[in-house]
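So that the names make sense, note that chain A is the first sequence line, chain B the second, and so on, each numbered from 1.
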Amino acid sequence: MTGDNPTTSIYSIGVAEKKTKLTARRVRYYEKAGLVDPERTQGNQRLYSQEDIEKLKEIKSLLEQGLNLAGIKRKLKDK
DNA sequence: ATTCTAACA
DNA sequence: TGTTAGAA
């Protein structure tokens, strides 16, 4: 409670790694694959919202289930 | 210190 | 997937 944060629930990739248990490399790669869609800061830094974190977790879950980028993309796109 | 992109292995 | 280089 340091007052009020202008940050609703935005994390940098470092926090996302910890929250998703993935490596920054993977998180960036999945984003490039179109699995997630984070915001961008002025310096082009990725800003992952809580929603993105949960999406990354689902992607990780799907990957562990034997799916691949195409399969996850298919699920995410609900096609 | 942390993250970004691009490229290579 | 991991890592490295140089940059912001």
Side-chain angles (χ1 to χ4, degrees):
Chain A
M1 300 78 158
T2 53
D4 38 287
N5 294 5
T7 43
T8 319
S9 298
I10 300 296
Y11 315 93
S12 38
I13 198 161
V15 173
E17 291 185 56
K18 191 185 170 135
K19 293 220 172 261
T20 65
K21 304 296 188 304
L22 290 167
T23 59
R25 215 348 182 146
R26 282 172 149 173
V27 174
R28 289 185 191 126
Y29 190 68
Y30 303 149
E31 187 229 329
K32 190 186 177 162
L35 272 31
V36 287
D37 194 12
E39 307 277 312
R40 290 291 200 147
T41 220
Q42 191 175 51
N44 241 23
Q45 314 278 102
R46 290 172 175 72
L47 296 176
Y48 290 98
S49 58
Q50 183 59 55
E51 298 280 315
D52 291 318
I53 300 300
E54 294 187 48
K55 190 170 298 186
L56 258 352
K57 285 185 186 174
E58 184 165 326
I59 291 163
K60 186 202 164 192
S61 190
L62 266 20
L63 284 162
E64 287 171 1
Q65 285 173 54
L67 265 82
N68 45 57
L69 294 181
I72 297 165
K73 206 168 178 178
R74 195 182 168 89
K75 282 246 172 208
L76 253 56
K77 289 168 70 88
D78 189 49
K79 289 261 335 197

Asks: Could you tell me the separation between the CG atom of A:L35 and the CG atom of A:L62, rounded to the nearest 0.5 Å?
Replies: 8.5 Å
Asks: Among residues 48-68 of chain A, which residues get a heavy atom nearer than 4.0 Å to DNA chain B?
Replies: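 Within residues 48-68 of chain A, no residue comes under 4.0 Å of DNA chain B.
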Asks: In the hydrophobic cluster built from side-chain contacts under 4.5 Å, what are the other members alongside A:L47?
Replies: A:I10
Asks: What residues from residues 37-45 of chain A pass a heavy-atom cutoff of under 4.0 Å to DNA chain B?
Replies: A:R40, A:N44, A:Q45
Asks: Going by heavy atoms closer than 4.0 Å, what residues in residues 28-36 of chain A are next to DNA chain B?
Replies: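 Contacts with DNA chain B under 4.0 Å: A:R28.
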Asks: OP1 or OP2 of B:dT2 less than 4.0 angstrom from a side-chain nitrogen or oxygen of A:R46, does that happen here?
Replies: no
Asks: Which residue pairs pass the salt bridge (Lys or Arg N to Asp or Glu O under 4.0 Å) test when at least one of the two sits in residues 58-72 of chain A, sequence neighbours left out?
Replies: A:K60-A:E64
Asks: Tell me which pairs pass side chain to side chain donor-acceptor pair (under 3.5 Å) where either residue lies in residues 32-56 of chain A, with sequence neighbours left out.
Replies: A:Y11-A:Q50, A:E31-A:R46, A:S49-A:D52
Asks: Which residue pairs satisfy the salt bridge (Lys or Arg N to Asp or Glu O under 4.0 Å) criterion with at least one member in residues 12-26 of chain A, sequence neighbours excluded?
Replies: none
Asks: Would you say A:S12 reaches B:dT3's phosphate, i.e. side-chain N/O to OP1/OP2 under 4.0 Å?
Replies: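 A:S12 to B:dT3 OP1/OP2: side-chain N or O found under 4.0 Å.
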Asks: Under 4.0 Å from any heavy atom of chain A: name the first and the last nucleotide of DNA chain C that qualifies, 5' to 3'.
Replies: C:dT1 to C:dT3
Asks: Only counting residues at least two apart or in another chain, list the ones meeting side-chain hydrogen bond (donor to acceptor under 3.5 Å, both in side chains) with A:S61.
Replies: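 Result, side-chain hydrogen bond (donor to acceptor under 3.5 Å, both in side chains) vs A:S61: A:Q65.
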Asks: Name each donor-acceptor pair under 3.5 Å that joins a side chain in residues 69-77 of chain A to protein atoms two or more places apart or in another chain, with its distance.
Replies:
from  : atom 1 : to    : atom 2 : distance (Å)
A:K73 : NZ     : A:A33 : O      : 3.1

Asks: Within residues 13-25 of chain A, which residues have any heavy atom lying less than 4.0 Å from an atom of DNA chain C?
Replies: A:T23, A:R25
